[in-house]
Engineer: 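Input: one structure, supplied below.
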Amino acid sequence: MFIRLDFATGALTLEQPDDCTAFHVEAVGASAPTTTSVADGLGLVGRVADDEHVWVEMASVRQMASGQVEPGWPDDFDAMVDFARSNGWVDESGSALRAHIVWSGAPI
């Protein structure tokens with residue numbers, strides 16, 4: 001699953017939500033992309049973690065997935081979070097996942 005941030009439209013969407021085996025943020029259409037511009041585009045959903053990553057609020061991911069996923073998804077998501085936690089990819093508060101940023105070109 002990944003969050004797609006389209007700088008041209010400002011749209012923020014959760015893509016492939018049933019795939020709880022991977023997680024990232026895809027930034028599309030930024031003329032001068034930076035980690036800060038991605039965090040700004042995510043709004044309350046995320047914040048800067050470092051030069052290549054952002055923290056994404058788990059509650060926001062759950063909300064974005066609502067109505068798009070199968071009934072077993074919460075267990076799959078929790079398993080992904082547990083894996084992330086075991087690798088140090090959950091913030092100190094336990095509320096956000098670290099996501100790497102994939103930079104894309106023009107919007108699809």
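Just so it is clear, the values below take in all heavy atoms, side chains as well, and ignore hydrogens, waters and symmetry mates.
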Engineer: Check salt bridge (charged side-chain N to carboxylate O under 4.0 Å, His left out) between Asp40 and all other residues, then give those that pass, not counting sequence neighbours.
Structural biologist: none

Engineer: Judged by atom type as modelled, is there a donor-acceptor pair below 3.5 Å linking the side chain of Asp6 to the main-chain atoms of Ala8?
Structural biologist: yes

Engineer: Test your reading of the model: is there a side-chain donor-acceptor pair from Ser86 to the backbone of Phe83, 3.5 Å cut-off?
Structural biologist: yes

Engineer: Is it the case that one hydrophobic cluster holds both Trp89 and Val45, taking links as side-chain heavy atoms less than 4.5 Å apart, direct or via other members?
Structural biologist: no

Engineer: To the nearest 0.5 Å, what is the distance between CD1 on Ile3 and OG on Ser60?
Structural biologist: 7.5 Å

Engineer: Check Arg85 with Asp91, please: is the shortest side-chain N to carboxylate O separation under 4.0 Å?
Structural biologist: no

Engineer: To the nearest 0.5 Å, how far apart are CE in Met64 and CD in Glu15?
Structural biologist: 8.5 Å

Engineer: Is any side-chain heavy atom of Trp103 less than 4.5 Å from a side-chain heavy atom of Val28?
Structural biologist: no

Engineer: Which atoms form the tightest heavy-atom contact between Asp50 and Thr35, and what is the distance?
Structural biologist: O-CG2, 3.1 Å

Engineer: Report the distance from atom CD of Glu52 to atom NE2 of His100, rounding to the nearest 0.5 Å.
Structural biologist: 9.5 Å

Engineer: Test Ser95 against Trp55 for side chain to side chain contact (heavy atoms under 4.5 Å, CB included), laying out the working first.
Structural biologist: CA-CA 9 Å; Ser95 66; Trp55 292 112; over 6 Å; no

Engineer: Say whether Val56 and Val81 are linked into one hydrophobic cluster, either directly or through other cluster members, by side-chain heavy-atom distances under 4.5 angstrom.
Structural biologist: yes

Engineer: Should the pair Glu26-Arg4 be classified as a salt bridge under the 4.0 Å nitrogen-to-oxygen rule?
Structural biologist: yes

Engineer: So, do Leu42 and Val38 sit near enough that their side-chain heavy atoms are less than 4.5 Å apart?
Structural biologist: yes

Engineer: Do Val48 and Leu5 belong together in a cluster built from hydrophobic side chains that touch within less than 4.5 Å?
Structural biologist: no

Engineer: Minimum heavy-atom separation for Ala49 and Arg98, please, with both atom names.
Structural biologist: CB-CG, 4.4 Å

Engineer: Would a single hydrophobic cluster contain both Leu12 and Val25, if residues Ile, Leu, Val, Met, Phe, Trp and Tyr are joined by side-chain heavy-atom contacts under 4.5 Å?
Structural biologist: yes

Engineer: With sequence neighbours excluded, what pairs up with Met1 under the side chain to side chain contact (heavy atoms under 4.5 Å, CB included) test?
Structural biologist: Leu14, Cys20, Phe23, Val61, Trp73, Phe77, Met80

Engineer: Say you draw a straight line from CG of Asp18 to CD of Gln68; how long is it, rounded to the nearest 0.5 Å?
Structural biologist: 8.5 Å

